[in-house]
Amino acid sequence: MATMATQGPWLRVVSVSPTKSTELGSLTSQLSGVRISHGYSDAINRITLPSVPSLQPIVARRICPFTGKKANRANKVSFSNHKTKKLQFVNLQYKKVWWEAGKRFVKLRLSTKALKTIEKNGLDAVAKKAGIDLSKK
């Protein structure tokens, strides 16, 4: 079985003796003895899977879990009044906060607004309102 030409991404034209036309998925021309098949193995060889790295780094999102604050899209305005898009990120800080119910410190990444709210209302109340379970951290 010799390949003569490739037509398109899935068709293969091969020359075959007229007696071997029992394969599935093939057509044999009555005039020239040329068989056109869409070979399953040929289709498998042409499938390319996207390359996925085995380990992807874990990136912390720039969002406060307590207040839900996230980046704001704004315009950067130049002296000539030319506007370009920019992001104004939340002021997130890593902070160890004393958790009275758990009798330990809890390391959190929170916005400064959330820190003021925790100082005012207490960590348990703010975490309960945000639906955060502190025992996991």
Can you give me every donor-acceptor pair (side chain of residues 71-80, partner residue at least two apart or in another chain, under 3.5 Å) with its distance?
from	atom 1	to	atom 2	distance (Å)
N72	ND2	Q88	OE1	3.1
S78	OG	S80	N	3.4
S78	OG	S80	OG	3.1
S78	OG	H82	N	3.1
S78	OG	H82	O	3.4

Open item on the list: Through direct or indirect side-chain contacts below 4.5 angstrom among Ile, Leu, Val, Met, Phe, Trp and Tyr, which residues connect to L92?
Closed with: V90
Kindly list each side-chain donor-acceptor pair under 3.5 angstrom involving residues 57-68, sequence neighbours excluded, with atom names and distances?
from	atom 1	to	atom 2	distance (Å)
T67	OG1	K69	N	3.4

Task: Pairs where residues 115-126 contributes a residue and the test side-chain hydrogen bond (donor to acceptor under 3.5 Å, both in side chains) is met, not counting sequence neighbours - done: W99-D124
- [ ] Would you sort out whether L110 and I118 count as a side chain to side chain contact (heavy atoms under 4.5 Å, CB included), showing the intermediate values?
- [x] CA-CA 10 Å; L110 46 92; I118 288 172; 4.0 Å; yes
TODO: Go through the structure and list residues passing side-chain hydrogen bond (donor to acceptor under 3.5 Å, both in side chains) with T84, not counting sequence neighbours.
DONE: none
Open item on the list: Test of understanding: with side-chain hydrogen bond (donor to acceptor under 3.5 Å, both in side chains), list the residues that count as partners of K85, not counting sequence neighbours.
Closed with: none
TODO: Could you grab the distance from atom NZ of K103 to atom CH2 of W98, nearest 0.5 Å is fine?
DONE: 7.0 Å
Task: E100 CD to L123 CG distance, which is reported to the nearest 0.5 Å - done: 10.5 Å
- [ ] State, with a plain yes or no, whether a side-chain heavy atom of L115 is found less than 4.5 Å away from one of Q93.
- [x] no
